[in-house]
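Note that this is a predicted model, so its numbers are computed, not measured. Sequence lines set the chain letters: A, B, ... in the order given, protein chains first and strands last, and positions in each chain run from 1.
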Amino acid sequence: MNIETSLSEQEAIRRQSLDQIRSAGIDPYPAALYPVNASAKNILSQFADENAADWTEICLAGRLMSKRIQGKASFAVLMQDGVRIQLYVNRDEICPGEDKDGYNQLFKKWLDIGDIIGVKGYVFRTMVGEITLHVQELTLLSKCLRPLPIVKTDAEGNVHDAFSDPELRHRMRYVDLIVNPEIRATFIARSRIISAMRSYFDAKGWLEVETPILQSVHGGAAARPFKTHHQALDVPLFLRIANELYLKRLLVAGLEGVYEIGKMFRNEGMDKTHNPEFTSMEIYVAYKDYEWMMAMVEDCLAFITRTVFGTTEVNYAQHKINFEGPFARIPLFDAIHRQTGTDISGMNETELRQQCATWNIPTSPEMGKGKLIDQIFGEKVEKTLIQPTYITDYPIEMTPLAKKHRNKDGLVERFELFICGKEVANAYTELNDPIDQRQRFEEQLALANRGDADAMALDEDFLKSMEFAMPPASGLGIGIDRLVMMMTNQTSIQEVLFFPQMRPEAGK
RNA sequence: GAAUCCUUAGCUCAGUUGGCAGAGCACAACACUUUUAAUGUUGGGGUCCUGGGUUCGAGCCCCAGAGGAUUCACCA
């Protein structure tokens, strides 16, 4: 299709303006550095009538968000780094000579909402009291060829014509961030949460590492992987579902504290708490156990919230969540007992299946004891855990990489952290007995043969590494996206990802 | 993967019983030198998600498909 015929009227008009700008000898996309020396935020927070003399020769750049032309003078709004500042543009000041085209043509006609411009001038306060940049020189820095949605807020704070369609917002996040600058706060908080976490670990002397994303065995978790192919080697590869087995190899290698913050990929359903690629933080510390890890997580999360928000209390939906430890610690079977009044800890697979039937909990034949217990927990307990809560001591069948409990038979030393009814972290006293580890993998294999597509694959090289002796250690995984959701009061994972996965658009 | 709902101008949305496609903002033209959802007057702008079907006639009814939202299932 000819691009000219496919343009909307408004797009065609903007391209005509572009041509006229060029004809007037103005470069709509200039190469030269623009000498910015101020920010809208600083101007608005620091300008005062007493220090007005200090606010001359100000040079700002940003996006033109509105134009209110009133004849020979105009007001406009510039958005710079997410902050709106008003501009005052006077014809005879930006065009002191005879030639008034800079105002009458360029500013009034050829500049559109969405254009990126540079302005030089001085700051003053208008008659109605608004801090405003009085423009003396105006430069087009980048022409915007598509109409920008215009979101307006009236005097009562009502938003008009909000750019609110979730599909458009997520597909065109760049537009979303321009016209809904308040969403920047969530992404800034995300960045700071990760940064605070990193500085907490670094201060302890633990090493940030990177491990393979392309793996020939997708170990370390129970999930369906994405499959890809390496051409030169002509071998199938998987995008990692976890990095646990590689981080443990580094413990074998003698690194005593290692962590990785990175993407995992799971070929499963998407909803408001699941994106096919998500960010996890996994950390392994030698010579520690899961009790130690619980205390570390409490300390770390309190540090993060204090650093980022200045408080350990955050709002989430209707709840006030407190990240100050210690968090409640409840063994898994106790938690189920407490919620249901039934103690399922002694039940075998058949009895568990019957119990599920009594409670109308769906089961399927390939589910083993571990999955049945997990199912019961998910139905009966998970949603009730609002404040940060550790659920501890899981049945061995669910957890092939954790060490057997030091004094509770049939259980492993594992905890999961739940907040707002969602799992946010998972940690073990890590299994480091290579013979036990091999047996656990073999039990997983048996589950896989029963039809459990998620059962964990056996990683021969990982077992070999463990036979070289892995130090006793505790490991932890945190779902960063979910943690960010909890800390920023977002109920959809799409709101904490710049570019959430979307289906390809039809016909494109 | 299943169910339900949604898709109309750049954006947000109306659209009656099936009878010429609508509004606000945005856009264009004119006026206006301290406005702020600027204002006033005038004007232009549509693949009604796509493809079939019913009908004299479909934005509307029927079938199929695409995308989105919600709930459920699986998972973190």
**Asked** Given the C1' atoms of B:G44 and B:A21, what is the spacing between them in whole Å?
**Response** 15 Å

**Asked** How far, in whole Å, is B:C27 from B:U71 if one measures between their C1' atoms?
**Response** 41 Å

**Prompt:** Do we count A:Phe278 as stacking onto B:A76 if the rule is ring centres under 5.5 Å and planes under 30°?
**Reply:** yes

**Request:** Name the nucleic acid region contacted by A:Gln375, choosing base, sugar-phosphate or nothing; use a 4.0 angstrom heavy-atom cut-off, strictly under.
**Result:** sugar-phosphate

**Request:** Over 60° means perpendicular and under 30° means parallel, so classify the ring planes of A:Phe327 and A:Tyr390, tilted if in between.
**Result:** tilted

**Request:** Remember a base hit wins even if backbone is also touched, and classify A:Phe124 as base, sugar-phosphate or nothing at under 4.0 Å, heavy atoms.
**Result:** base

**Prompt:** Looking only at heavy atoms, what is the nearest atom pair of A:Arg440 and A:Lys403, with distance?
**Reply:** NH2-C, 4.1 Å

**Request:** Could you check whether A:Thr153 gets within reach of a base, just the sugar-phosphate, or nothing at all, counting any heavy atom under 4.0 Å?
**Result:** sugar-phosphate

**Asked** What interatomic distance, in whole Å, is found between P of B:C49 and the corresponding atom of B:G10?
**Response** 13 Å

**Prompt:** Do NZ/NE/NH1/NH2 and the carboxylate oxygens of A:Asp115 and A:Arg63 come within less than 4.0 Å?
**Reply:** no

**Request:** Name the nucleic acid region contacted by A:Asp92, choosing base, sugar-phosphate or nothing; use a 4.0 angstrom heavy-atom cut-off, strictly under.
**Result:** base

**Prompt:** So does A:Arg68 get a side-chain nitrogen or oxygen closer than 4.0 Å to the phosphate oxygens (OP1/OP2) of B:U35?
**Reply:** no

**Asked** Which is true for A:Ser74 with a 4.0 Å heavy-atom rule: it touches a base, it touches only sugar-phosphate, or it touches nothing?
**Response** nothing

**Message:** Would you say A:Lys152 places a side-chain N or O within less than 4.0 Å of OP1 or OP2 belonging to B:A26?
**Reply:** yes

**Message:** Closest-nucleotide mapping onto RNA chain B: is A:His160 or A:Asn90 further toward the 5' terminus? I mean the 5' end.
**Reply:** A:Asn90

**Prompt:** Within less than 4.0 Å of OP1 or OP2 of B:A69, is there a side-chain N or O belonging to A:Gln494?
**Reply:** yes

**P-based separation of B:G1 from B:U8 [nearest Å]** = 25 Å

**Residues A:Asp92 and A:Lys100 bridged, charged N to O under 4.0 Å** = yes

**Message:** Work out how far the P atom of B:C6 is from that of B:U42, and round it to whole angstrom.
**Reply:** 37 Å

**Request:** Carefully, step by step, assess A:Tyr428 and A:Tyr290 under the rule ring-ring contact (aromatic ring centres under 6.0 Å, His included).
**Result:** CA-CA 5 Å; A:Tyr428 315 141; A:Tyr290 79 141; 9.5 Å; no

**Prompt:** Looking across every strand, which nucleic acid part, if any, lies under 4.0 Å from A:Gly269 by heavy atom: base, sugar-phosphate, or nothing?
**Reply:** base

**Asked** Under 4.0 Å between a side-chain N/O of A:Arg224 and OP1 or OP2 of B:C74, yes or no?
**Response** no

**Request:** Kindly say if A:Gln70 contacts the phosphate of B:U36, meaning a side-chain N or O under 4.0 Å from OP1 or OP2.
**Result:** no

**Exceeds 12 heavy-atom contacts within 6.0 angstrom, atom CD of A:Glu57** = no

**Prompt:** Pick the nucleotide of RNA chain B nearest each of A:Arg91 and A:Pro149; which residue has the one closer to the 5' end?
**Reply:** A:Pro149

**Item:** Rounded C1' spacing from B:G65 to B:U7 in Å
**Value:** 14 Å

**Message:** OP1 or OP2 of B:C30 versus the side-chain N and O atoms of A:Lys109: is any pair under 4.0 Å?
**Reply:** yes

**Prompt:** How would you label the contact of A:Glu244 with the nucleic acid (heavy atoms, under 4.0 Å): base, sugar-phosphate, or nothing?
**Reply:** nothing

